[in-house]
Amino acid sequence: MDRYDAQAIEQKWQRVWEDARAFNVANPEPGADRSRKAYVLAMLPYPSGTLHIGHVLVYTISDVLARFHARRHEYLLHPIGFDSFGLPAENDAIRKGGHPREIVEENITHITGEMKRMGWSFDWDRVIAAHEPEYYRWTQWLFLRLYEAGLAYRKPAPVKWCPKDQVVLANEQVHDGRCEYCGTEVVSKNLEQWFFKQTAYAQEMLDDLAGLDWPERIKTMQRNWIGRSEGAEVLFRIDELELDVPVFTTRPDTLFGATFFVLAPEHPLVEEIIARSPNAAELRDYAGHAAAKRGEERAAEEEKTGIFTGFHATNPVNGERIPIWVAEYVLMDYGTGAIMAVPAHDERDREFAERFDVPIRTVIDDDGVLVDSGEFTGMPADEAKRAIVDRLAEDGRGRHAISYRLRDWGFSRQRYWGSPIPIVYCEACGQVPVPDEQLPVVLPDLEDYRPRGIAPLASAEDWVRTTCPSCGGPGQREVETMDTFVDSSWYFLRYCDPHDDQAPFDKEVVDWWCPVDQYIGGVDHTTMHLIYARFFMKALNDLGIVGFREPFQGFFPNGWIQLGGSKMSKSKGNVIGPDELISRYGADALRLYTLFMGPADGDMEWADEGVEGMARFVRRLYRLVTEVAEQSSRGDAPANDLSHKAHETIARVTDDLGRRKSFNTAIAAVMELLNDLSRAGSADPAARFAAETAVSLIQPYAPHVAEELWERLGHSRLWEEEWPSPDEAQLRRATFELVVQVNGRVRDRLEVGADLSEDELVARAKASPRVQAHIDGAEVRQTIVVPGKLVNLVVG
RNA sequence: GCCGGGGUGGCGAAACUGGUCAGACGCGCCCGACUUAAAAUCGGGUGGCCCUCCGGGCUAUGCGGGUUCGAAUCCCGCCCCCGGCACCA
């Protein structure tokens, strides 16, 4: 018998698949049955550098599911592409020195090779890259549709700025006050920026989570991020300014306890108050300093700070005039930037009131009933919430309101490597969209593209200078570029129709394939990409561009592979790449190991011995199956223990891959079958069937060796072979092991016929000498029978 | 603080709706075979404690209680870990 040679086998089958176009799928004929499609997708990689073991996990998951579905469906879409615009790619280019396009394209070539060596079954005819004009032309086109609909707009706003990357970041790209890409602490800047109006869909994004097959923890993360609070908006009158100022509160039932009023330092009214205030200098000093601080600094303040303005606001429920303060604990970007303060029933207000000696008035007693609250006194708090707002609404002083934590998505970037925003500024016409027929607005080549605080494209004067599409006069192009999350908000649509040069895609084709049935990717994108793409689909659906409102029906978050207890990252230098592992153990063993380590949605610790174990399993499979292929005779397998085991394994693996997405236990099931085959030996009449079953079931994980062994077993093209189904008759056994318990403790196990009645089972149980010893003549008070499993005798 | 997930051998883990002595499968370790030897490979063993040791007993799923004929699984209280949100009004 020959020795297992991973390299030779893997190269051989990769060539066969490519020649046979095994993984290329044509778009369906119009009217094709949608129940026969599966769209399996893993998040596309940033082509910055090479693949690491984390990528191996994600794409192996998607490949196992894709290969499994391919053998159960007529149409399977399993594409791949590159998120080649944006900071990760550009930073890699800066590090290596060279133009981002060259670096990115080198990386793509390299990564493509690695992906093919892993044996992943991508449809390479559909590959896309965000930086190619054929792609970003349509990103720009989609931007224009959103712009026309008022869903993309430009406004001055305080934004998060990363001083190292010299770029604006979306709220979603700031974690713990640090830059998503480089970890530098961000600062706040006031800038004119482009936004997508994703807040318009906040409620719907919340509601539609219910219909998605996503893990609960992912839904929770999105719910937290969207952050809905129910309450009321209440108008407070400021007589000195002749103005009504709205506040948001979740506790309208405590309105009678409001003893002061607070404006955020950035609140626009603060300027007006300063203008009319005798202590203007002091106020300006406080507000200026507070507003300049980062949110985290403000939150970290040991003691509450604030300053009295000298102005007063009138509480609409009782006409009381309460002092207006400016305090940094009130934030401009939540609610209305102004609050009514109820120190008796809010911890923060209480802290402030105690520090500055403001009165504290209790308006709800320990039983949750209103006190000292005018006509509402005696009413339970939850009832009063509604009643007070209803009453205010009658007077036009308030209304029920809902506030969200979600902000609009700031998507313009002061960097070079991204899609230009197709807008021209004209002195006469203002902001003018570039007409569709002039797309794409091509990103010009720049000698020095490095970040410098202002958009590098501003230095491409010839490119910036243009004519206004509206009046033909002189115009200037928008010099900021789009966040690469814009590119990735619709890429899965382009895969459906990747070569269309008339439109971003054919609507009918996209509506046939989409939504993505099974999406796979990192949890870290839960409050970024997964929010953005959902917003995009809802907006595009409202514009009639797509026929559905959710992009990803199923989502499987892959875990992280750690090395030495910490998450792999380039900066820690604990990155393992696939190439070396492939040449040492083979792609099949590597694929098996990444999924066998543990549940694929949890974190895992990498261990070299583990891959060796998998390599051992592959060799064992190869040896045993080859032996069977050479020695055992063909023909129908009889029903015996080994064939039963094979059918059970089919049922288990099918359920593990289909319903449970439990990749590690499916491998364990095949190992068990192989162990049984080894024990039974190749002379067992069911040996050939068991060997074929093992090979067929392991194929999604270890496609190369499976294909090779399938051929040795006298067949061809396992990838086209229909996924096996268990024979129901063989899943039922003639006998089973009856567990006999006395008082819930197992005392004996008996091999009994599966057709015995409950009474007969009890009789058998009682007859057992071991059981008798434990009953010891006592009376059996109760008998519990679980058919097919156990008998429990309760005595004494 | 609020929300979500979790805690099982030396290690990664299994046990899916409460039901076959909990620990499948693998790693590691131990013993044996092959070998001059080692590696590789193959076979066997492997939660803990104990006994009268070809057998058997007790104990064991973070801790304490409860429900049940029966609990890793359900309920109550506590401890710890991970993740999200957080001066969010």
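Every heavy atom of this structure was used, including side-chain atoms; hydrogens, water molecules and symmetry mates were not. Each chain gets a letter, A, B and so on, in the order its sequence line appears, and its residues count up from 1.
For the P atoms, the distance from B:rG10 to B:rA24 is 14 Å, rounded to whole Å. When the P atom is used for both B:rC78 and B:rC3, the distance is 14 Å, rounded to whole Å. Between B:rA86 and B:rG64, the distance separating the two C1' atoms is 33 Å to the nearest Å. Here the separation of B:rG66 from B:rG83, taken at their C1' atoms, is 31 Å to the nearest Å. B:rC69 and B:rA14: their C1' atoms are spaced 26 Å apart (whole Å). Look at the C1' atom in both B:rA60 and B:rA15: the space between them is 16 Å, to the nearest Å. Comparing B:rA71 with B:rG19, their P atoms are spaced 11 Å from each other, to the whole Å. Look at the C1' atom in both B:rU52 and B:rC63: the space between them is 37 Å, to the nearest Å.
When only modelled atom types and interatomic distance are considered, A:Gln222 and A:Arg534 share a side-chain donor-acceptor pair under 3.5 Å. Side-chain polar atoms of A:Glu172 and A:Thr527 form no donor-acceptor pair below 3.5 angstrom. Residues A:Asn558 and A:Trp560 have side chains that never bring a donor and an acceptor to within less than 3.5 angstrom of each other.
Ring centroids of A:Tyr532 and A:Trp409 are separated by less than 6.0 Å, placing the two rings close together. In this structure, A:Trp214 has its ring center no closer than 6.0 Å to that of A:Phe556.
Under the 90° criterion around 0 for the glycosidic angle, B:rG12 counts as anti. Classification of B:rC21 as anti follows from a glycosidic angle more than 90° from 0.
If you check every strand for non-hydrogen atoms under 4.0 Å, A:Gln741 touches a base. Across all strands, A:Lys304 comes closer than 4.0 Å to base atoms (heavy-atom distances). A:Asp349 comes within 4.0 angstrom of no nucleic acid atom, judged by non-hydrogen atoms across all strands. Among the atoms of the strands shown, none is found under 4.0 Å from any heavy atom of A:Val262. Counting non-hydrogen atoms under 4.0 angstrom, A:Arg217 reaches the backbone sugars and phosphates but no base. Counting non-hydrogen atoms under 4.0 angstrom, A:Gly613 reaches the backbone sugars and phosphates but no base. Residue A:Pro215 is classed as having no contact, given no heavy-atom separation below 4.0 Å to the nucleic acid.
Distance from the side chain of A:Ala668 is smallest to B:rA24 among B:rC16, B:rC87, B:rA24. Closest approach to the A:Arg620 side chain among B:rG43, B:rC88, B:rG83 is made by B:rG43 (side chain taken as heavy atoms from C-beta onward). Among the nucleotides B:rA89, B:rG28, B:rA15, the one closest to the side chain of A:Thr665 is B:rA15. Among the nucleotides B:rA14, B:rG19, B:rG43, the one closest to any side-chain atom of A:Leu790 is B:rG19. Among the nucleotides B:rC25, B:rA14, B:rC16, the one closest to any side-chain atom of A:Glu672 is B:rC25. For A:Asn664, counting side-chain heavy atoms from C-beta on, the closest listed nucleotide (B:rC69, B:rA14, B:rG4) is B:rA14.
Between the side chain of A:Arg659 and the base of B:rC16, a donor-acceptor pair under 3.5 Å is found.
Going from atom CG of A:Asp601 over to atom C1' of B:rA13 covers 13 Å, rounded to whole Å. Taking atom CD of A:Glu612 as the reference point, atom P of B:rA39 lies 13 Å away to the nearest angstrom. Distance A:Glu648 CD to B:rC16 P: 16 Å, rounded to the nearest Å. In this structure, CD of A:Glu351 is placed 16 Å from P of B:rA89, rounded to the nearest angstrom. Residue A:His175 contributes atom NE2, which lies 13 Å from atom C1' of B:rG83 at whole-angstrom precision. Straight-line distance from the CZ atom of A:Arg3 to the C1' atom of B:rU41: 9 Å, rounded to whole Å. Between A:Asn792 atom CG and B:rC69 atom C1' the separation is 5 Å, expressed in whole Å. The distance between atom OH of A:Tyr593 and atom C1' of B:rA13, rounded to the nearest whole Å, is 11 Å.
An OP1 or OP2 oxygen of B:rG43 is reached within less than 4.0 angstrom by a side-chain nitrogen or oxygen of A:Ser678. OP1 or OP2 of B:rU41 sits under 4.0 Å from a side-chain N or O of A:Arg619. A sub-4.0 Å separation between OP1 or OP2 of B:rC42 and a side-chain N or O of A:Arg623 is present. Under 4.0 angstrom from either OP1 or OP2 of B:rA89 there lies at least one side-chain N or O belonging to A:Ser229. Remark: A:Arg355 is not in phosphate contact with B:rC87, judged by side-chain N or O atoms under 4.0 Å from OP1 or OP2. Contact between the side-chain N/O atoms of A:Arg616 and the OP1/OP2 oxygens of B:rC42 is not found at any separation under 4.0 Å. A close approach under 4.0 Å does not occur between any side-chain nitrogen or oxygen of A:Asn224 and OP1 or OP2 of B:rG83. Regarding contacts with the backbone of B:rA86, a side-chain N or O of A:Arg405 is found under 4.0 angstrom from either OP1 or OP2.
Taking the six-membered ring where tryptophan is involved, the planes of A:Phe352 and A:Trp325 are perpendicular, since the angle between them exceeds 60° and thus also 30°.
Between A:Tyr593 and A:Leu595, the closest side-chain pair of non-hydrogen atoms is not below 4.5 Å.
Using N1 to N3 plus N6-O4 or O6-N4 for Watson-Crick, or N1-O2 and O6-N3 for G-U wobble, each under 3.5 Å, B:rU46 pairs with B:rG28. Under the Watson-Crick or G-U wobble criterion, with both distances below 3.5 Å, B:rC85 is paired with B:rG1. Across all strands shown, B:rG19 forms a Watson-Crick or G-U wobble pair, both distances under 3.5 Å, with B:rC69. Base pairing of B:rU36 is not made with any nucleotide, judged by Watson-Crick or G-U wobble geometry with both donor-acceptor distances under 3.5 Å.
Sequence order on RNA chain B of the closest nucleotides to A:Asn675 and A:Asp603 puts A:Asp603 first from the 5' end. Comparing A:Glu303 and A:Gln222 along RNA chain B, the residue whose closest nucleotide (by nearest heavy atom) sits nearer the 5' end is A:Gln222.
Salt bridge annotation for A:Asp655-A:Arg652: absent, with no cationic side-chain nitrogen under 4.0 angstrom from a carboxylate oxygen. In summary, A:Asp244 and A:Arg397 engage in a salt bridge, as defined by a charged side-chain N under 4.0 Å from a carboxylate O.
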